[in-house]
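Here's the structure we're looking at; comments come further down.
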Amino acid sequence: MNYWLMKSEPSAFSIEDLQRRPGQIEPWDGVRNYQARNMMRDDMAVGDGIFFYHSNCDIPGIVGIATVVREAYPDDTAFDPQSKHFDPKSLRERPRWFMVDVGFVRTLSRTITLTELKGDPALDGFPLTRRGNRLSVMPLSKVQWDYILSLE
DNA sequence: GCCAACGTTGGC
DNA sequence: GCCAACGTTGGC
């Protein structure tokens, strides 16, 4: 079992949105970064743990927990000229982009903020707190996962 | 293969 | 809204 952190701008899609979805499941479409894609496609399995992170908002931080409910499959928004995630280079017979389905688990009782994660010596080297990091999907060790959960 | 231009991310 | 970081694109 692997552990992940996935970023979303709450103005676009929040943990509350996920909770309200039918079946509390959402396809995680729109990832257009190769590193993030490779992790989703090659390393994510059903049952993996996900920290749901709100970015680009008043208080950036981890707000909830989700889980992988379907392994990677082609991101069909890449085929849709109407979609803002459209990519003419992604073909149905040879898809370039993939997505997983994410299922709601729970919201945290409080936001574990980026500020406190940044200032925490126990999380030295954690990708999220490294300067300039922009990955929207990143792996965590079980130790990091458990430690961050203990902060709740 | 280099690298300048450009677009995007995301904290502040 | 600003801007640093950084990935991608495309001319050469």
Side-chain angles (χ1 to χ4, degrees), chain A residues 2-21 25-44 48-68 71-141 144-145 147-152:
Chain A
N2 290 316
Y3 299 91
W4 309 94
L5 180 145
M6 296 174 85
K7 296 182 187 175
S8 184
E9 300 190 17
S11 61
F13 188 75
S14 69
I15 185 83
E16 291 81 15
D17 292 328
L18 179 60
Q19 188 170 15
R20 282 193 294 263
R21 279 288 192 271
I25 288 172
E26 178 76 359
W28 203 265
D29 61 24
V31 172
R32 295 294 180 268
N33 170 283
Y34 287 105
Q35 250 184 292
R37 178 206 65 183
N38 292 347
M39 287 189 280
M40 285 202 302
R41 188 189 56 190
D42 304 335
D43 301 327
M44 273 194 193
D48 281 2
I50 299 169
F51 280 143
F52 199 113
Y53 178 91
H54 280 175
S55 65
N56 223 347
C57 56
D58 285 352
I59 305 173
I62 297 168
V63 294
I65 297 175
T67 188
V68 178
E71 281 187 18
Y73 59 105
D75 179 346
D76 52 19
T77 64
F79 309 136
D80 176 8
Q82 306 306 317
S83 168
K84 67 175 174 183
H85 301 304
F86 176 60
D87 180 355
K89 290 176 183 162
S90 186
L91 309 174
R92 285 188 184 277
E93 59 272 24
R94 194 162 38 84
R96 174 175 296 199
W97 303 113
F98 290 80
M99 59 189 175
V100 297
D101 285 355
V102 163
F104 177 81
V105 175
R106 67 180 179 92
T107 52
L108 298 188
S109 56
R110 69 178 191 88
T111 300
I112 300 173
T113 66
L114 176 61
T115 308
E116 67 182 297
L117 294 173
K118 262 184 170 169
D120 195 325
L123 293 172
D124 267 1
F126 184 44
L128 182 72
T129 60
R130 273 209 297 267
R131 219 177 68 139
N133 172 72
R134 296 181 343 193
L135 262 188
S136 62
V137 176
M138 63 186 73
L140 287 84
S141 67
Q144 288 169 331
W145 173 275
Y147 175 75
I148 290 171
L149 262 188
S150 77
L151 300 174
E152 184 183 4

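Below, chains carry the letters A, B, ... as their sequence lines are ordered, and counting in each starts from 1.
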Legend entry - Main-chain N/O of A:P10 paired with A:S8 side-chain donor or acceptor, under 3.5 Å: no

Legend entry - For atom NE2 of A:H54 and atom P of B:dG10, their distance in whole Å: 13 Å

Legend entry - Result of checking A:T113, A:I62, A:I112 against A:L151 for side-chain contact (heavy atoms from CB on, under 4.5 Å): A:I112

Legend entry - Comparing A:R134 and A:N56 on DNA chain C - which has the more 5′ nearest nucleotide: A:N56

Inset, instruction - Measure from CZ on A:R32 to P on C:dC6 and round the result to the nearest Å. - result: 23 Å

Legend entry - Protein-nucleotide distance (A:D87, atom CG; B:dT8, atom P), rounded to Å: 13 Å

Legend entry - Main-chain N/O of A:E16 paired with A:S14 side-chain donor or acceptor, under 3.5 Å: yes

Legend entry - Steps toward side-chain contact (heavy atoms from CB on, under 4.5 Å) verdict (A:W4, A:D43): CA-CA 10 Å; A:W4 309 94; A:D43 301 327; 3.6 Å; yes

Inset, instruction - May I ask you to verify if any side-chain N or O of A:K7 is less than 4.0 angstrom from the OP1 or OP2 atom of B:dT9? - result: no

Legend entry - Distance, rounded to the nearest Å, where A:E9 contributes CD and B:dT9 contributes P: 7 Å

Inset, instruction - Ignoring backbone atoms, test whether A:Y53 places a side-chain nitrogen or oxygen under 4.0 Å from the OP1 or OP2 oxygen of B:dT9. - result: no

Inset, instruction - Specify the separation, in whole Å, of atom CG of A:L114 and atom C1' of B:dC12. - result: 11 Å

Legend entry - Separation of atom NZ in A:K89 from atom C1' in C:dT9, rounded to whole Å: 7 Å

Inset, instruction - Report the distance from atom CG of A:N33 to atom P of B:dG10, rounded to the nearest whole Å. - result: 10 Å

Legend entry - Length of the CE-P vector between A:M6 and B:dT9, whole Å: 15 Å

